[in-house]
Amino acid sequence: MTQNTDTAAALGAPLRVEDLRVSFPGARGGELTALAGLGFELAQGQALGLVGESGSGKSAAALALLGLHRGTAARVDGRVLVRPRAAGAEVVDVNTADERALRSVRGRELAMIFQEPLTSLDPYRRVGDQIAAVRRMHFGESRKEAAQRAAEALEKVGIDAAGKYRAFPHEFSGGMRQRALIAMALVLEPRVLVADEPTTALDVTVQAQILDLLTELRRETGMSLILISHDLAVVGGTVDEVIVLKSGEQVERGPVRKVLTEPQHTYTQALLAAIPRLDAQLPEPKPADDAKPPLMRVRGLEVTFPAKRGAALTRAVAGVDLELREGESLGIVGESGSGKTTLGRSLVRLQQPTAGTIEFDGRPLGSWRGRELRRHRRDLQLIFQDPASSLNPRRGIGDSIAEPLRVQGEKDDARLEASVCGMLERVGLDPKLYHRYPHQLSGGQRQRAAIARALILRPRLVVCDEPVSALDVTTQAQVVALLRELRAEFELTLVFIAHDLAVVRQVSDRIAVMNAGRVVEILPAADLADAQDPYTRTLLAAVPELPHV
Amino acid sequence: MTVFLFRRLLSALAVLLALSILVYGLFYLMPGDPAELACGKRCDVSELAQVRHAMGLDRSIVAQFWTFISSLFVGHSYDTGVGTTWCSAPCLGFSFQSNEPVTQMLLDRLPVDLSLALGSAVLWLALGIGFGLFAALRPNGLRDRMTTLVAMTFSATPLFVLALLLLIVFCVWWQVLPFPTYVPLTQDPGQWFENLLLPWLAIALVTAGNYLRLTRAGVLESLGQDHIRTLRAYGYSERRVVLRHAVRGALPTLATMAAVDIGGVLAGAVFTESMFGLPGLGKLMVDSANNVDLPVVTGITLLAAFLIIAANAVADVLYAVLDPRVRLA
C-alpha cells in the first residue's frame, strides 16, 4: 500500500476506503472471509449503493466503516480514511485510530442508520432525549440547546416534535422509528450517512417515504450517502453509483443507470432477472369453473382485539366478504396493520372471528370441535413468514415435518420417514438433510422445509403468510417458482399474503387489496397495474421501479 | 398504570385470603387440642371446657374462621372467665406461653428484621452490582473470573458457617467489633450500626453473588443488542455504554429480585438471628414452634406471607416503573 501513504494527506473527499477486508475466525482455526478487498472514494454529496444478497459482505463493510468490528473476533485490514470537516484536521484512519479519534468520527463525520429500526433505539429512554444526548456529547451544548436541536431534527424528518419528543420508542411505528434514527444522524450534521438496509423492515409506502426523505436531505444538507441494500430496485432510484458485491468480492461497479440497464457481470444479470416485476407477462389463469360451489365462503368477517390504554379496541378485520374457488390462488396485499395476517389466520381457524362466518366446503368452520376439528386441520395449513422461528430449533427438520402426521395418528416410523423423505425431495431438498437442525440450513432451505411440513398432510387450502419476505431475491424467485409448481401438482387452493405487490402478482389469479381491516378491491392479477382504487394506486406508486431493459 | 396497580392489589388480596385460610388450618392440622395447649398441663375438665369456650373452639369452623378474620380488622374481645380482655385490631390472639398479645410481640420484633433487611440490602446491592459491572467490563478476563469465583464461593457457603467465621475473625481475633446484640436505632444510632454490621455482612455476602451474576449477565446481554450498537456508532465511550446504558437493561430484573429478597429477610432471617443472637421474627418463630405456641406461629406465618406478597407487589410495580414497555399492559 505504499502508493497510498501520500494520498492520505491529499484526501479531499470526506471518505475513502482502500482494500477493506473483513474476516471472521471459522471452524478449526480457519478463516471466513466476509469482505475481500473493497475500495472506493466518496465525494461530497455523492450517493453510493452497495448491493448484494446475504453473505455478500455488505453489512460487514458497513460496520467496518465506523470501526464497529472492534472488540469482536473479526479481523479488519485495509484503510478507511475519513477527512474531518474541521480545517486543518488530520485524516483519521478508522482502522488504526485510537479510541478518542474514532469516537469523534463516529456519528459526527459518519453517521449510521440500521436495518432494525424497531430495536435500534434505547427502549428505556424518550426518543427526543436520545437525540439530544447524542448532540450534547459531540457539541458540548447545554441541555436546553441540545433539546432544541433535537426537536428541529425531528421536525426535519417529519415527526411532530411538540407531540412526540417525549414518546418512548415502543410508541412509534417502524417507519417513525427509522425517521427518529435519521433525526439522530441529522442532529450531528454528518458529512456521510451510512444507511444499512434502512427500509427492509418497512412497508412499501413507508419505504418510499424514507427513500424520498434521504434524497431530500442529501440535497438539502449536501451530505454524502452510502445506501446498503439487497434490493437493486431500492438502490436504483436513490444513488448515483453502485457496487455489486458477491461473497465478499466486488463483481460490478458503475453508474447506477448503466449497471441496471446494461449489467456486465452474470451475477448482476441474475440478480436483476430475479426481481419480480409488476409488468412481467403472467401465464393465462385457469378458467374458473363457476358451476362448482366455492371452496371457502367468508361473510362479514370481523376480528377485534381488546383495547390498549385509552385507545379504542382494535378492529384488525372489519367486515370482509370473500369467496375462494377450488384450485385458485388468491393474493392478499396491504401494509402492516391492514389486517391481512389476522384474516389469513382466521381462514385456517387459528384466530377466532368476533363476528361473521367462514364456510369451508359448505360447512361453517367454527362448528368443529375436538376430534372433528383435528381431522379437518388436515385440510387447512399455514406457512409462516419466518421459518427460522416457526420450525422447532431443537428438532431435526425431518421430525418437524413428520409431526403433523403423528398428530393425525400415524405411528409407523418407517412409513413416516418414507413420506417425509418423499416430501423433502418434492420441495427440492436432499433427504439427507432429514436430521439437520433449522440453524444448519440456509433461509431458502428452511422455507422449503416449512412448505414440506404444510404439505405433508395433503391439505386443500394453504395460507402462505409472507412466505418469501425474509429471503434474498434469487432465493425468493426459487421459492415462488416452487410454490407455483406445487400448487398445480397438489391441486392446492392458495392464499398468498405479502406486502410485495410484484411477488403476489406472480403467484395469484386474483388479488385482494386490504386497508384498515377491509378489502378495498379484488381484481384479476393481470389487471393490477390498471387498478382504479386510490389506495391500490398509492401502493403501486410506492413500488421502487427498475428501468426497462 | 392505575388499572395495573388496582389489578395487582386485588390479586394480592386474594392470595392473602387463601393463605390465611391455609394458616388457620394449622390449628386443626397440628396434633393435640389447642385448648389443652393453651390451658397448660395442670388443667382439669371444667377449666378445659371454659378455655375451649373462651377460645371459641366449641363453635363451627366457619364461625371460628370468621372471628379470626374479623378480629384482624376490628379486634375481638376474649371472655377469660374472670372478665373480658379486649384484643384490638389487628388482633392475632394471645400467646399460650406469655399471654402477651401476639400483635404486640410481632411489632416488638419487626424493627430488628427491618434493620437487618434494609442494611444488608444496601450492602448486597452495592457489592453485587458493583462487582457485576466490574466483571462485565472485561468479560472472561482475569478479573471477571476472579470476582465470579469469589462471589460463587460466598454464595455456596452456608450462612451459619459464614456467620461463625465473621464472628471469629472480627470479634475474637481482631476484636474490632462487639459480639452483636440488638440496640434500637432510636436508642443509639452508632451502637445500632456497629452491632448490626456483622449480620449485614453475613447476609450480604451470601446474597450478593446472585446480584453479581444477574448484573453481569444483564449487562452482557444488553451489550449485544441493537440499541447499544447505535450508541457505539454514535461515538459513546465503552465506559459510558456499559455503566449508563447497558446496566439499564439489567435494572428491572435486579429491582424485582431485590424486592423479593428484602421481603424474605423482613419476614424472618432465622439463621442470621440465631447465629448473632438477635431478637427478631425468625428467632421468635423457632421458639414458638418449639413450644407449640400456635397463636404466635400463626401470627408470624401470616405476617411473613403478608410481607412477601407485599414485596412481590412492589416488585411488579417497580418493573413497570423501570420498563416503559410494561406500562401499557
Heavy-atom distance under 4.5 Å to chain B: side chain of [X], backbone, both or neither?
X        : result
A:Arg100 : neither
A:Leu102 : neither
A:Leu121 : backbone
A:Leu118 : neither

Most chain B-contacting option - heavy-atom pairs closer than 4.5 Å, from A:Ala111, A:Pro190, A:Gly67, A:Ala185: A:Ala185
Minimum heavy-atom distance between A:Ser120 and B:Thr230, given as atom pair plus value: O-OG1, 2.6 Å
Atom of A:Pro123, atom of B:Pro324 and distance for their closest heavy-atom approach: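 Closest heavy-atom pair between A:Pro123 and B:Pro324: O-CG, 3.2 Å.
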Separation of [Y] [atom2] from [X] [atom1] (nearest 0.5 Å):
X        : Y        : atom1 : atom2 : value
B:His245 : A:Gln130 : NE2   : CD    : 8.5 Å
B:Ile228 : A:Thr119 : CD1   : OG1   : 11.5 Å
A:Met184 : B:Leu231 : CE    : CG    : 7.0 Å

Working for side-chain contact (heavy atoms from CB on, under 4.5 Å), residues A:Met137 and B:Tyr236: CA-CA 8 Å; A:Met137 184 179 54; B:Tyr236 281 68; 3.5 Å; yes
[atom1] ([X]) with more than 12 external heavy atoms under 6.0 Å:
X        : atom1 : value
A:Glu152 : CD    : yes
A:Phe114 : CZ    : yes
B:Phe271 : CZ    : no
B:Phe154 : CZ    : no
B:Met146 : CE    : no
B:Arg244 : CZ    : no
B:Phe65  : CZ    : yes
B:Arg143 : CZ    : yes

Close side-chain approach of A:Asp122 and B:His227, heavy atoms under 4.5 Å: yes
Non-hydrogen side-chain atoms of B:Arg229 and A:Glu116 separated by less than 4.5 Å: yes
Residues A:Glu99, B:Arg239: salt bridge by 4.0 Å N-O rule: no
Closer than 3.5 angstrom, by distance alone: can the side chain of [X] be matched with the main-chain N or O of [Y] as a donor-acceptor pair?
X        : Y        : value
B:Arg232 : A:Leu68  : no
B:Tyr234 : A:Ile131 : no
A:Arg106 : B:Gly235 : no

B:Ser237 versus chain A, the contacting section by heavy-atom distance below 4.5 Å: both
